[in-house]
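Down below is the structure, laid out as structure tokens.
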Amino acid sequence: MMIGLVLLIFIAYYMFSSSNAGGSCCEGHQAQSNNSLDILSERYARGEIQREEYLERKQELSGKKQQISIKKG
């Protein structure tokens, strides 16, 4: 019985301490957003997506979705 209680306390401590190790929730969200932009930039650099798609997705991820005009040439 005592071992179970000690084990439960240890598990609870481990879960709460590891979840707060990265800072607040907002900092984690910002890191995820930057990570998404990095991935998008890498895909564009590798030629997986076109410039228009890159710009559109970049605006969506930045939260600045605007209508852009694309000239076909």
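We use all heavy atoms of the structure for the numbers below, so side chains are in, but hydrogens, waters and symmetry mates are not. Position 1 is the first residue of the sequence; numbering continues from there.
Remark: Leu8 pairs with no residue by the side-chain contact (heavy atoms from CB on, under 4.5 Å) rule, at least two apart or across chains. Legend: residues meeting side-chain contact (heavy atoms from CB on, under 4.5 Å) with Gln50, ordered by chain and number and at least two apart, are Glu52. Applying the salt bridge (charged side-chain N to carboxylate O under 4.0 Å, His left out) test to Glu53 and every residue at least two apart in sequence or in another chain returns Arg57.
In this structure, the separation between CZ on Arg43 and CD1 on Ile39 is 9.5 Å, given to the nearest 0.5 Å.
Residues Leu40 and Lys58 share a closest heavy-atom pair of CD2-N, 3.4 Å.
Dense packing is recorded around CZ of Arg46, with more than 12 heavy atoms of other residues, nucleotides or ligands lying under 6.0 Å away.
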